[in-house]
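The block underneath contains the structure these notes are about, expressed in structure tokens.
Only a predicted model underlies this, so the values are computations on that prediction, with no experimental measurement involved. Just so you know, ligand 1 is whichever comes first in the structure, and atom 1 is the first atom listed for that ligand.
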Amino acid sequence: MALNTLNPTETVAWKKLQAHYQDMQNASMPEMFQTDTSRIDKFNIKWNDFLIDYSKNIINPETMSLLLDLANEMGLKAAIAEYFDGGIINQTENRAVLHTALRAKESSVVNVNGQNVIPEVYEVKNNIRKFTEEITSGKRTGFTGKYFTDIVNIGIGGSDLGPAMAVEALQYYKNHLNVHFVSNVDGDHVNEIIKKINPETTLFVVVSKTFTTQETLTNSETIKEWFLKSATQEDVAKHFVAVSTNIQKVTEFGINPENVFPMWDWVGGRFSLWSAVGLTISLAVGFDNFEELLEGASEMDTHFKTADFDKNMPVVLALLSIWYNNFFGAESEALIPYTQYLQKLAPYLQQGIMESNGKSVGRDGKIVNYQTGTIIWGEPGTNSQHAFFQLIHQGTKLIPSDFIGYIKPLHGNLDHHNKLMSNFFAQTEALLHGKTKDQVQSEFDKQGLDAEKAKFLLPFKVFNGNKPTNTILIDKLSAKSLGSLIALYEHKIFVQGIIWNIFSYDQWGVELGKQLANTILEEINTKKVDNHDCSTEFLLNYFLKNN
Ligand code: F6P
């Protein structure tokens with residue numbers, strides 16, 4: 001069944017939200033906290049070892065009730081069933097969207113075109129387990145019989161960002177293998193990696209769903225050429241494996257079909273780390289941790305499918321984001337993990353969120369008359385506090401922010417962790433309350449600042465506060481909790497796509513640039529520039545003259 005199509009702005013709930021926004025746009029969160037000291041009880045969700053406090057938002061019970069009405073009016077319940085049951089919800093590519101099947105229980109049945117895909121999923125998982133054990137135990141060796149010491153993941157977009165983020169995030173659980181990622185077609189990237197590795201002891205994992213991606217193929221060719229300076233063509237089979245849906249192209253590249261881990265067209269690139277695309281994750285942290293990652297996601301899937309919407313983490317986060325995006329006119333959202341391990345979470349979710357919901361045509365084929373995908377950005381705290389927090393606190397833009405923190409540190413250094421977490425709590429408190437004129441003045445009085453100076457300085461030292469934040473507090477960063485966290489954001493993306501009436505699982509917008517780059521490459525190679533606007537032509541000629 002196809003997804004329904006309905007312009008959200010035509011729903012009763014949307015119209016009521018517009019009217020409600022008029023009452024709420026100047027609402028003061030500090031006042032709401034003052035008048036309702038049990039506000040936290042209304043606006044928090046506990047699930048497994050996750051706690052989400054969303055009380056520091058410009059909302060009241062009516063806001064949430066109207067947002068939940070919007071979800072219901074947009075048919076979210078039925079859409080969730082379609083999503084998990086393998087409905088063709090990626091209609092423009094005529095595909096199901098089933099990354100959730102990759103972490104489903106072995107006993108589940110998920111049909112695609114009348115066939116249960118779970119047995120295939122488990123067959124590939126078993127191959128990942130076997131391969132991981134053979135590499136990490138030293139059973140499989142390189143062409144000179146030496147153990148593998150390094151893994152190079154060659155891929156881009158969804159074939160790079162997920163594994164790179166997860167390997168970084170789970171560094172604490174890592175084994176002896178050194179893991180590298182090559183993605184950019186910039187030759188300097190691949191050459192810097194080559195500098196660090198030894199052909200005898202390095203395994204290359206070429207990841208490309210389509211196996212047609214220019215960056216990945218170019219980097220793989222360069223690496224193969226470099227490898228063949230020390231080894232023979234036959235040795236390629238020992239050192240190169242691939243993850244792809246395109247077995248023919250992989251074979252043409254020279255990789256033995258036995259060394260190919262398949263994936264399926266019903267797994268989108270940006271949601272693929274749960275498939276064999278996660279092979280590098282399994283190699284880096286061991287298969288048991290990889291399975292834990294899947295288990296965490298699977299548990300979040302169950303929560304998303306079964307929890308009432310008002311206690312459903314992905315639904316509530318998605319609705320709050322819509323509240324700011326579509327009613328307050330907020331354009332971006334910040335994601336601030338208070339752990340250095342999650343430094344790649346924002347770039348990873350940039351693809352997930354912006355490639356999915358950066359759409360302007362509704363499911364009815366008409367240009368939308370409302371805002372869709374938010375801009376997502378962020379960096380770990382406390383570093384980000386010393387970089388861009390000034391703008392969040394005192395700038396002119398409204399930037400709803402998610403703060404992600406952990407109760408327990410991994411290395412057990414409580415002095416550091418308590419300092420880190422005191423900043424975590426202080427920031428959301430500061431963003432909520434700000435600092436009033438009276439507070440600033442009383443500080444000046446205590447310092448004995450002279451009246452003239454105080455008068456001048458006062459407006460610069462006032463913080464308006466009233467800046468919305470969600471606090472996501474998790475027990476500990478483990479493979480399992482990471483899986484749940486990623487799945488939380490995956491489902492948030494889904495909910496928003498449903499409510500915005502867009503197709504979240506295609507990415508036609510990235511194609512045009514790729515096509516034009518091919519034409520331009522031909523012109524650069526032949527040094528014949530033709531048929532461009534005067535700016536592009538001028539730039540190309542300037543480049544050719546000077547390179
Ligand atoms: O940038 C577009 C895109 O198609 C992404 O969606 C995808 O993750 C990436 O390119 C890589 O594609 P592939 O895995 O086919 O090489």
* Thr280 side chain to Asn153 side chain, donor-acceptor N/O pair below 3.5 angstrom -> yes

* Asked: Is any side-chain N of the basic residue among Lys480 and Glu291 closer than 4.0 Å to the acidic one's carboxylate O?
  -> no

* **Distance-only polar pair, side chains of Trp508 and Thr92, donor-acceptor under 3.5 Å** => yes

* Given ring-ring contact (aromatic ring centres under 6.0 Å, His included), test His99 with Trp274 step by step and report yes or no. => CA-CA 7 Å; His99 44 278; Trp274 322 100; 7.9 Å; no

* To do: For Thr210, counting its heavy atoms only, list the atoms of ligand 1 lying under 4.0 Å from any of them.
  => 13 (P), 15 (O), 16 (O)

* To do: Check whether the side chains of Asn219 and Thr222 place a donor and an acceptor atom closer than 3.5 Å, and report yes or no.
  => no

* Structure fact -> Check: of Thr213, Ile156, Asn246, Thr245, min heavy-atom distance to atom 16 (O) of ligand 1 comes from Thr213

* Atoms in ligand 1 flagged as close to Gln351, the criterion being non-hydrogen separation under 4.0 Å -> 5 (C), 6 (O), 7 (C), 8 (O)

* Does NZ or CZ of Lys305 come closer than 6.0 Å to the centre of the six-membered ring of Phe84, within 45° of the ring's axis? -> yes

* Contact atoms of ligand 1, heavy-atom distance to Ser208 under 4.0 Å -> 13 (P), 14 (O), 15 (O), 16 (O)

* Asked: Between Glu215 and Asn184, do the side chains contain an N or O donor and an N or O acceptor separated by less than 3.5 Å?
  -> no

* Structure fact -> atom 2 (C) of ligand 1 has as its nearest protein heavy atom Val510 CG2, 3.4 Å

* Asked: Has ligand 1 got any nitrogen or oxygen that is less than 3.5 angstrom from a nitrogen or oxygen of Gly158?
  -> yes

* Looking only at protein heavy atoms, identify the closest one to atom 6 (O) of ligand 1 and say how far it is in Å. => Glu355 OE1, 2.6 Å

* Give a yes/no on ligand 1: does Lys514 have at least one heavy atom closer than 4.0 angstrom to it? => yes

* Asked: Counting both backbone and side chain atoms, is some N or O of Lys209 under 3.5 Å from an N or O of ligand 1?
  -> yes

